[in-house]
Amino acid sequence: MFRKILIANRGEIACRVITAARDMGIRTVAVYSDADRDARHAALADEARRIGPPEARASYLNGEAILAAARASGAEAIHPGYGFLSENEGFAAACARAGVVFIGPSAEAIAAMGDKSAAKRLMGEAGLPLVPGYHGEEQDPVHLRKEARRLGYPVLIKASAGGGGKGMRIVADDASFAAALESAMREAKSAFGDERVLLERHLARPRHIEVQVFGDAHGNVVHLFERDCSVQRRHQKILEEAPAPGLAPGRRKAMGEAAVAAARAIRYVGAGTVEFIAARDGAFYFMEMNTRLQVEHPVTEMITGLDLVKWQLSVAAGEPIPLQQKDIQMKGHAIEARIYAENPAKGFLPSTGTLRHLRLPTDPVRVDTGVRQGDVITPYYDPMIAKVIVWGEDRAVALGRMRAALAECEIVGVSTNVAFLARTVASEAFAAAEPDTELIETNRAELLPAETGAGDEALAAAALAELLAEQAQASAAARSSGDPHSPWSIIDGWRLNLGSHHEFVFAEEGRRHRAVAHFTPGGLRLSVDGREQEISGGEEAGALRVTFGDASFRVRAVRDGPHWHLFRDGTHRVLELLSAQLAEAPDERIGSLAAPMPGKVLQVLVAPGARVAKGAPLVILEAMKMEHTIAAPRDGTVAAIHFKAGEQVSEGAELLRLEAA
């Protein structure tokens with residue numbers, strides 16, 4: 001077994017590998033960029049080494065720097081995690097030349113599956129079923145358009161050299177093909193350094209089912225059952241479960257055998273995943289093989305009781321797979337939810353910022369995370385915050401535990417998808433155990449409802465939280481002044497010749513709400529937007545107990561500057577307490593369009609003076625290797641353009657200005 005390994009990754013997977021290696025008595029070396037100097041994985045390892053500046057290309061994708069760190073630290077092997085260099089055949093070959101074990105498959109196996117078009121041709125020869133498509137080398141747009149017409153719309157454009165939803169577009173008709181192809185190629189070039197694409201017939205509402213496989217250097221190959229990864233946004237997974245619900249035993253057996261055949265065809269060693277697209281009629285087709293550990297591997301671990309990272313380490317050290325196929329059993333059901341720093345209401349745009357408050361579930365819920373409270377979600381890397389994984393004796397039990405686990409999540413400092421995940425797992429569509437890749441779009445109205453406003457109870461909770469905070473602050477000031485009975489420590493809103501009251505103005509999503517607390521002989525009363533009721537409450541077991549009129553409830557209230565974050569039963573509302581000046585200021589009509597996140601301007605699609613309609617594309621912004629189109633929020637005329645293609649912009653930067661049409 002290895003004495004010391006280096007983890008060429010960051011975040012939760014780096015922490016996961018460090019923990020598994022430590023359990024096996026293996027010392028670990030972490031690598032970090034300047035953006036990750038104080039990251040959790042760097043602190044968790046036995047030692048840590050800098051590999052470059054924040055940009056991934058100059059750090060986590062810098063194979064030479066990582067190998068130099070391995071040599072300097074005396075590491076015998078490198079675990080690539082997932083993403084970055086985990087499926088880079090050049091890096092795997094470089095490790096072999098340097099005499100460092102690459103904890104993964106051979107460079108040849110990576111190459112065989114790394115080119116998605118070539119992989120499909122190879123798997124077709126091995127007898128695996130394929131979705132009708134075009135996997136050829138000719139990449140001329142005219143030829144690709146001709147092939148799309150041959151297949152028949154809708155078609156799916158996919159990057160040949162990568163995955164994760166990058167470089168992928170669904171094209172509904174011929175008129176949309178050219179623009180979609182250009183965008184997919186550009187995104188593929190940015191993400192993978194390779195703009196080549198393949199085409200496939202787009203199957204309506206298919207399932208995405210993948211099979212975990214494992215091979216060793218002794219010729220053994222096994223599968224560890226399947227996972228359903230159908231629930232996706234932007235072609236990227238957010239909910240995964242094992243086993244796949246409703247999968248017939250015959251199909252499970254056939255998929256497992258096909259996955260093992262795929263791994264044997266390339267003499268696969270290590271952990272890998274064979275991914276299938278499954279049609280509604282029961283047919284399934286080979287989609288791709290990921291030659292690495294997957295983000296969703298914990299659900300497989302939960303139903304098998306096995307540690308896949310420990311298997312990786314032992315197999316890479318030359319040991320055989322510890323179990324034969326007949327000895328691998330599954331029990332119960334597991335579900336994983338990926339918590340991202342992103343804004344579902346704004347097209348799932350990634351969000352950056354400091355995690356000012358972070359509260360995640362505890363045992364028996366499993367949480368894999370690479371961050372701590374106070375850490376920063378930067379624009380340089382994937383915005384995942386944590387993975388929440390639950391197990392139950394059956395799917396219904398697991399689903400109930402996932403709903404409870406998501407209700408415990410509290411995150412302040414960035415926008416997150418927690419409330420969206422909570423709505424999804426609570427939906428009838430997901431509970432029906434018939435997931436498909438279009439579940440989110442099909443149920444968009446339910447999963448992404450229009451904003452309804454704070455409501456009286458949320459405003460009452462925010463007002464009570466503010467009153468209690470001010471009372472605590474005033475009492476502390478009085479104690480430090482030497483006169484704890486000072487009248488200045490009283491915050492009952494007393495006014496000369498006026499009733500005793502305290503007024504607040506809160507803002508949410510541009511709407512203002514006025515709350516007035518009246519201190520009466522009979523107790524505290526609160527008027528919210530003119531509606532008055534009795535209110536009382538206080539701290540209780542780390543939460544705020546509120547009684548407002550006939551309603552009684554508990555809420556966690558977390559203050560972040562002028563904002564109150566209210567967490568209640570899986571929901572999260574943010575109310576800003578306005579200063580006296582802002583409370584009386586008139587509403588402003590904003591005529592600018594700001595960058596929703598840091599990134600690079602790829603294209604400016606309009607010129608000054610152009611008249612545009614609401615929804616018209618104006619600017620294409622690239623951030624986190626994904627393209628985001630900025631559209632006109634209303635009809636208007638382009639008055640000014642502040643950036644040109646190729647320029648970097650910061651979050652909130654005004655990209656252009658619109659004037660009323």
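Atom set for the values below is all heavy atoms of this structure, side chains included, hydrogens, waters and symmetry mates excluded.
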message: Hydrogens and angles aside, do Arg22 and Thr28 bring a side-chain donor and acceptor to less than 3.5 Å of each other?
response: no
field: SB check Glu336 Arg366 (cutoff 4.0 Å)
entry: no
- prompt: Sub-3.5 Å donor-acceptor pair from the side chain of Thr369 to the main-chain atoms of Ile385, do we have one?
  reply: yes
Test side-chain contact (heavy atoms from CB on, under 4.5 Å) applied to Asn443 - qualifying residues, sequence neighbours left out: Ala429, Leu439, Glu446, Leu447
- prompt: Are the charged groups of Arg10 and Asp382 less than 4.0 angstrom apart, N to O?
  reply: no
field: Heavy-atom pair of closest approach, residues Glu438 and Arg205
entry: OE2-N, 3.0 Å
- request: Any chance you could measure Ile535, atom CD1, to His518, atom NE2, to the nearest 0.5 Å?
  value: 11.5 Å
message: Counting C-beta onward and ignoring hydrogens, is there a side-chain heavy-atom pair between Val299 and Glu241 closer than 4.5 Å?
response: no
- line: Heavy-atom closest pair (Ala14 atom, Asn9 atom, distance to 0.1 Å) is CB-O, 3.8 Å
query: Run the side chain to side chain donor-acceptor pair (under 3.5 Å) check on Arg292 and Gln294 step by step: do they pass?
result: CA-CA 6 Å; Arg292 55 173 169 81; Gln294 290 277 78; 2.5 Å; yes
task: Go through the steps to decide whether Ile335 and Arg401 satisfy the test side-chain contact (heavy atoms from CB on, under 4.5 Å), and finish with yes or no.
output: CA-CA 9 Å; Ile335 304 174; Arg401 289 175 179 168; over 6 Å; no
- request: Indicate whether the side chain of Tyr381 and that of Ser33 have a donor and an acceptor atom separated by less than 3.5 Å.
  value: yes
task: For Arg444, look at atom CZ and say whether over 12 heavy atoms of other residues, nucleotides or ligands are found less than 6.0 Å away.
output: no
task: State plainly whether the residues Asp375 and Arg40 are in salt-bridge range, i.e. N to O under 4.0 Å.
output: no
query: Pick one: which of Leu360, Thr354, Leu358 meets side-chain contact (heavy atoms from CB on, under 4.5 Å) with Gln373?
result: Leu358
message: Just so I know, are the side chains of Thr378 and Asp36 near enough to count as touching, which here means a heavy-atom distance under 4.5 Å?
response: no
- request: First locate atom OG1 of Thr416, then atom CD of Glu342, and finally report the distance between them rounded to the nearest 0.5 Å.
  value: 8.5 Å
- prompt: Gly353 and Val414: which non-hydrogen atoms are nearest, and at how many Å?
  reply: N-CG1, 3.5 Å
field: Residue pair Ala469 / Arg559: nearest heavy atoms and the distance that separates them
entry: CB-NH1, 4.4 Å
query: Side-chain donor-acceptor pair under 3.5 Å between His502 and Glu466, yes or no?
result: no
Partners meeting ring-ring contact (aromatic ring centres under 6.0 Å, His included) with Phe348 (sequence neighbours left out): Phe420
message: Using a 3.5 Å distance criterion without hydrogens, assess whether the side chain of Arg556 forms a donor-acceptor pair with backbone atoms of Gly542.
response: yes
- prompt: Do the rings of His565 and His563 sit parallel, tilted or perpendicular, given the 30° and 60° boundaries?
  reply: tilted
Minimum heavy-atom distance Gly81-Ser86, with the two atoms named: O-CB, 3.4 Å
message: To the nearest 0.5 Å, what is the distance between CZ on Arg525 and CD on Gln533?
response: 8.0 Å
message: Take a 6.0 Å sphere around CG of Asp394 and say whether it holds more than 12 heavy atoms from other residues, nucleotides or ligands.
response: yes
message: Could you tell me if the side chain of Gln312 sits less than 4.5 Å from the side chain of Val17, heavy atoms only?
response: no
Salt-bridge contact Glu296-Lys387 (side-chain N to carboxylate O under 4.0 Å): no
message: Cation-pi check for Phe276 against Arg252: NZ or CZ below 6.0 Å from the six-membered ring centre and within 45 degrees of the axis, yes or no?
response: no
statement: Closest non-hydrogen atoms of Ala405 and Pro361, given as atom of the first, atom of the second and distance, are O-CG, 3.2 Å
task: Go through the structure and list residues passing side-chain contact (heavy atoms from CB on, under 4.5 Å) with Glu428, not counting sequence neighbours.
output: none
field: Check ion pair Glu226-Arg251 (N to O, under 4.0 angstrom)
entry: no
query: Using the ring of each side chain (for Trp, its six-membered ring), is His572 parallel, tilted or perpendicular to Phe567, with breaks at 30° and 60°?
result: parallel
statement: d(Glu410 CD, Leu566 CG) to nearest 0.5 Å is 10.5 Å
